[in-house]
Amino acid sequence: MKKIAFITNGQARYLTHEWLHGYRRYISDHHSDIDLYIFHCFGNFSQDQSYNIGEYNIFRLPRLSDFDGILLDLALISDHELKEEIIIRARRASVPVISLLDKVPDLYFSGIDDYHATCSLVEHLIAEHGCTKLNYVGGIIGNYENQQRFLAYRDTLNKHGIPFDPNRIYEHNYEVETGLRAFAAFQDKELLPDAFVCANDNIAAGVCLAAQEAGFSVPDNFLVTGFDNATRAINFYPPITTVEFSKAHIMYNALGLLADVWNGTAKSSQVFSPTRCIYRESSGCTSLFPADPGKYVSSQIMAEVRQGNMLNWMMELDRFLLDCNSFTELADHLHTWLTRHECGSLYLLMNPDIFMLENVDSLPEVPDDIYKSIGYPDRMAVVYPHTSADKSVQIDLSKGELLPDADNSETAHIYLFAAVHFREREIGYLILENCDYLTEHQFLFETLRTFVTAIEVLYGKLILRKKTKQLSQLYIHDSLTGLYNRMAYEKLALPLFQKCMGESRSAGIMFIDADHLKYINDTFGHDMGNLAISSIAAVIRQHCPDNSVSMRYGGDEFVCVIPDYDQTQMQKLKQNLLDSLAVLSRNSRMAFPIEASIGFVVADDSVFSLNDYINLADEKMYTDKKNRKAGREDSHPASVL
């Protein structure tokens, strides 16, 4: 099975679904075993450049040398540096690269002859309608198609001896807005023409609307031509003169050219799809094949129905996603929704450091530098499909892995890769398999937007939970000793004690008090007193089991609640603490000993409260302290301790 990487940018919020039609038709006609990996984004339309950066990052995901061929649809990318970056990476891949619509030096090309098609339109305006003042309204400056259409306009003027006037040029983008702005600009400069030559049908529609708004009539006052033969061209009023071609045919030809290159039979580095000029009322002509109003109304009604369905589906999807508590659950809900809309498998891969935020209990710190805006980390966590309850499965992007388990059947597949990002910050990527329905009916943008919004909301909730837990931990921890503080009595110690009593389990209650603390503070200072307290706490942390609750109960007092300990275990724990303190005291080389008195009881009767048992342990500790003091006085009568 061969693999083709297809890098493409949507037009505003729309994906060119005709590319998929061309691929499907070629695969069917030639029984080819070619998987298409689409790296698609909706960059370049948002005014938020940080958002566009996050979208464009998907182009940096694939290791292009791992593919058998590369297709580039870069016509709508206005960022020249990004465009050059993609082209350079494609050239370095050492596999055949075909550019669609946009001619790039040293690359194969599949597209149309924009130049001669536009020449035919301009020639028609001049020769058939006697136009001598023609304005050009173009798309993206630097775009190959726009350049070719502009050159055709200029050269045809020169051919007929009509002076070229740079003031009669307006270029911006390929949206209706460009036509509206252009008409206003020309009107302000008193340069309204006989005819407007527009780079596409959207722009032509904008010019017509602006002319009508200003009290003019098309074609009575101006003639207008477009390009592309979009659905609106024939159904607009007046119907727009345009150039027809098929992007599906361009894709079909591109795959045929790739096959010829693979087989060593390519006769040319470029292949052209046919174009046809269609003259309609906007240029003063009569349509040979006028629009069918009934058919158009029916199609519009169906489009409105689908649009309404999409909005309802998006609301439903949004409702389900916002209730999710994990990234895996989010992806599972999305997959269920997509399955109902004729899509295949779904994969969600995320930056592992961000995915681990699901584990709130681990409280990892998430440094800002884990977020990338350029590229992806070498390893990505496979969030969905979820394969293991115990650990996250990861893939290695540095080895060219993109899919956790791509379908190895002989059936050709389309995998669409889309960036998951918060503005410019990389989070991961989503893979949709065979999502033709979403692309044909233009549900893809809204689906992705809804999903990413839900991920961002969940991410915010997880961060909030984590910060709340961190604050809670700080609230119940003692900064000097690292043990719990007195606040942990209600939150941890009491619930643990009640659980043991409720389940008829014993619990050891130990009371520990530092010896000589007043002497140490008065003689050596409070810093040394704090050192003695923290040293005792360190020994407690060392010997008390992980499931116990050890608290700094007072200034130099400690309480430990230890589940499932009996008398023997408590006695052994006490001795271990005393032995460790003796070793610590000998090795510390301090001018004072580090010692403590310890009392304990075993709680096994729920009639008594935790506070009752702590008081009993305190009494035993006090008895222990008196005995230890008496022992020291007997051994060293002159000792001040």
Side-chain angles (χ1 to χ4, degrees), residues 1-7 33-41 54 57-68 70 321 324-359 370-372 375-421 426-436 438-439 444 447-448 451-452 454-455 458-459 462:
M1 181 73 73
K2 290 187 180 297
K3 297 192 306 181
I4 297 175
F6 180 29
I7 294 178
D33 55 347
I34 301 173
D35 281 345
L36 187 65
Y37 287 62
I38 304 175
F39 300 92
H40 178 275
C41 79
N57 197 43
I58 197 68
F59 295 159
R60 301 183 178 96
L61 175 65
R63 194 170 69 176
L64 295 177
S65 58
D66 293 329
F67 292 86
D68 300 290
I70 301 168
L321 295 183
C324 293
N325 293 306
S326 72
F327 298 119
T328 304
E329 189 180 358
L330 275 176
D332 187 47
H333 275 300
L334 178 63
H335 190 202
T336 300
W337 187 86
L338 291 176
T339 301
R340 291 163 48 193
H341 297 87
E342 305 175 27
C343 292
S345 299
L346 175 144
Y347 304 87
L348 174 62
L349 293 99
M350 293 181 66
N351 184 319
D353 292 324
I354 298 172
F355 178 45
M356 74 178 181
L357 286 174
E358 283 192 357
N359 187 4
I370 70 166
Y371 298 104
K372 290 175 171 282
Y376 292 81
D378 286 343
R379 302 191 69 83
M380 297 293 286
V382 180
V383 179
Y384 191 86
H386 191 55
T387 56
S388 172
D390 299 323
K391 67 176 184 176
S392 171
V393 175
Q394 296 188 358
I395 64 170
D396 192 342
L397 295 184
S398 66
K399 295 181 179 178
E401 298 175 359
L402 292 174
L403 281 164
D405 54 351
D407 191 336
N408 293 319
S409 66
E410 295 181 0
T411 305
H413 292 80
I414 295 177
Y415 297 103
L416 188 143
F417 292 73
V420 176
H421 61 100
E426 166 274 326
I427 302 298
Y429 60 91
L430 193 67
I431 309 168
L432 305 179
E433 180 190 16
N434 300 331
C435 59
D436 300 54
L438 291 185
T439 59
L444 182 63
T447 301
L448 293 175
F451 182 69
V452 172
I455 282 188
L458 174 59
Y459 175 84
L462 292 173

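The analysis underlying the following values was restricted to heavy atoms, covering all of them including side chains, and did not include hydrogens, waters or symmetry mates. As the structure is a prediction and not an experimental result, all values here were calculated from the model. Index from 1, following the sequence.
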> Out of curiosity, Leu430 CG to Leu346 CG, how far, rounded to the nearest 0.5 Å?
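One finds 5.0 Å between CG of Leu430 and CG of Leu346.
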
> Is the shortest heavy-atom distance from the side chain of Asp66 to the side chain of Leu402 under 4.5 Å?
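When only atoms from C-beta onward are counted, Leu402 and Asp66 do not touch, as no gap falls below 4.5 Å.
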
> Of all heavy-atom pairs between Gly344 and His335, which one has the smallest distance, and what is that distance?
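Gly344 and His335 have their closest heavy atoms at O-NE2, 3.4 Å.
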
> May I ask you to check whether Phe59 and Phe39 place their ring centres under 6.0 Å from each other?
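Distance test on ring centres: not under 6.0 Å, no.
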
> Taking only residues two or more places apart in sequence, or in another chain, which ones meet Asp68 in a side chain to side chain donor-acceptor pair (under 3.5 Å)?
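Checked Asp68 against side chain to side chain donor-acceptor pair (under 3.5 Å); zero matches.
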
> Distance check, rounded to the nearest 0.5 Å: Leu334 atom CG versus Leu348 atom CG?
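CG of Leu348 is found 9.0 Å from CG of Leu334.
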
> Using 0.5 Å steps for rounding, measure from the CD1 atom of Ile395 to the CZ atom of Arg379.
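So the CD1 of Ile395 and the CZ of Arg379 are separated by 9.0 Å.
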
> Hey, what do you get for NE2 (His40) to OG1 (Thr439), rounding to the nearest 0.5 Å?
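Between atom NE2 of His40 and atom OG1 of Thr439 there are 9.0 Å.
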
> How close do Phe67 and Ala5 get, counting heavy atoms only, and between which atoms?
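For Phe67 and Ala5, the tightest heavy-atom pair comes out as CD2-N, 3.5 Å.
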
> Check whether any side-chain heavy atom of Thr447 sits under 4.5 Å from a side-chain heavy atom of Trp337, and report yes or no.
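Heavy-atom side-chain distance check passes, below 4.5 Å.
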
> Please answer whether the main-chain N or O of Tyr376 pairs with a side-chain N or O of Arg60 as donor and acceptor at a distance below 3.5 Å.
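Such a contact is absent between Arg60 side chain and Tyr376 backbone.
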
> Taking Asn57 for its side chain and Gly375 for its backbone only, find out whether a donor-acceptor pair lies under 3.5 Å.
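Yes: the side chain of Asn57 pairs with the backbone of Gly375.
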
> Among residues at least two apart in sequence or on other chains, which ones pass side chain to side chain donor-acceptor pair (under 3.5 Å) with His421?
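Result, side chain to side chain donor-acceptor pair (under 3.5 Å) vs His421: Glu55.
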
> Start with the C-alpha distance between Val382 and Leu349, add both sets of side-chain angles, then the distance that settles side-chain contact (heavy atoms from CB on, under 4.5 Å), and finish with yes or no.
CA-CA 5 Å; Val382 180; Leu349 293 99; 3.9 Å; yes

> Give me the atom names and distance for the closest heavy-atom approach of Leu458 to Ser326.
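Nearest pair, atom of Leu458 first, then Ser326: CD2-C, 3.3 Å.
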
> Return the set of residues passing side chain to side chain donor-acceptor pair (under 3.5 Å) with Ser345 (not counting sequence neighbours), or none when no residue passes.
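Side chain to side chain donor-acceptor pair (under 3.5 Å) check on Ser345 returns Glu433.
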
> Within the side chain of Asn434, is there an N or O that forms a donor-acceptor pair under 3.5 Å with the backbone of Ile414?
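Looks like yes, one N/O pair under 3.5 Å.
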
> Looking at NZ of Lys2 and CG of Asp35, how far apart are the two atoms once the value is rounded to the nearest 0.5 Å?
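Between atom NZ of Lys2 and atom CG of Asp35 there are 12.0 Å.
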
> I need the minimum non-hydrogen distance between Glu426 and Ile354, along with the two atoms involved.
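Scanning both residues, the minimum pair turns out to be O-CD1, 3.8 Å.
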
> List the residues meeting ring pair (Phe, Tyr, Trp, His ring centres under 6.0 Å) with Phe451, not counting sequence neighbours, and say none if there are none.
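Counting only residues at least two positions away or on another chain, Phe451 forms no ring pair (Phe, Tyr, Trp, His ring centres under 6.0 Å).
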
> Any side-chain heavy atom of Leu416 sitting closer than 4.5 Å to one from Leu438?
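No. Closest side-chain heavy atoms not under 4.5 Å.
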
> My understanding is that only residues two or more places apart in sequence, or in another chain, count here; which of them pass ring pair (Phe, Tyr, Trp, His ring centres under 6.0 Å) with Phe327?
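Ring pair (Phe, Tyr, Trp, His ring centres under 6.0 Å) check on Phe327 returns nothing, list empty.
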
> Go through the steps for Leu432 and Cys343 under the test side-chain contact (heavy atoms from CB on, under 4.5 Å), then give the verdict.
CA-CA 7 Å; Leu432 305 179; Cys343 292; 5.8 Å; no

> Distance from Ile38 atom CD1 to Cys435 atom SG, nearest 0.5 Å?
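It is 7.0 Å, given to the nearest 0.5 Å.
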
> If you define the side chain from C-beta out and look only at heavy atoms, does anything of Met350 sit under 4.5 Å from Val420?
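The answer is no, as the side chains (C-beta and beyond) never meet within the 4.5 Å cut-off.
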
> Where is the tightest heavy-atom contact between Pro352 and Gln394, given as atom of each residue plus distance?
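Of all heavy-atom pairs spanning Pro352 and Gln394, the closest is CB-NE2, 3.6 Å.
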
> For residues Leu330 and Ala454, report the shortest heavy-atom separation together with the two atoms involved.
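That closest heavy-atom pairing would be CD2-CB, 3.8 Å.
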
> Look at the rings of Tyr415 and Tyr37 and say which category their plane angle falls in: under 30° parallel, 30 to 60° tilted, over 60° perpendicular.
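Tyr415 and Tyr37: tilted rings.
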
> Among all residues two or more places apart in sequence or in another chain, which pass the side chain to side chain donor-acceptor pair (under 3.5 Å) test with Thr336?
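With sequence neighbours excluded, Thr336 shows a side chain to side chain donor-acceptor pair (under 3.5 Å) to no residue whatsoever.
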
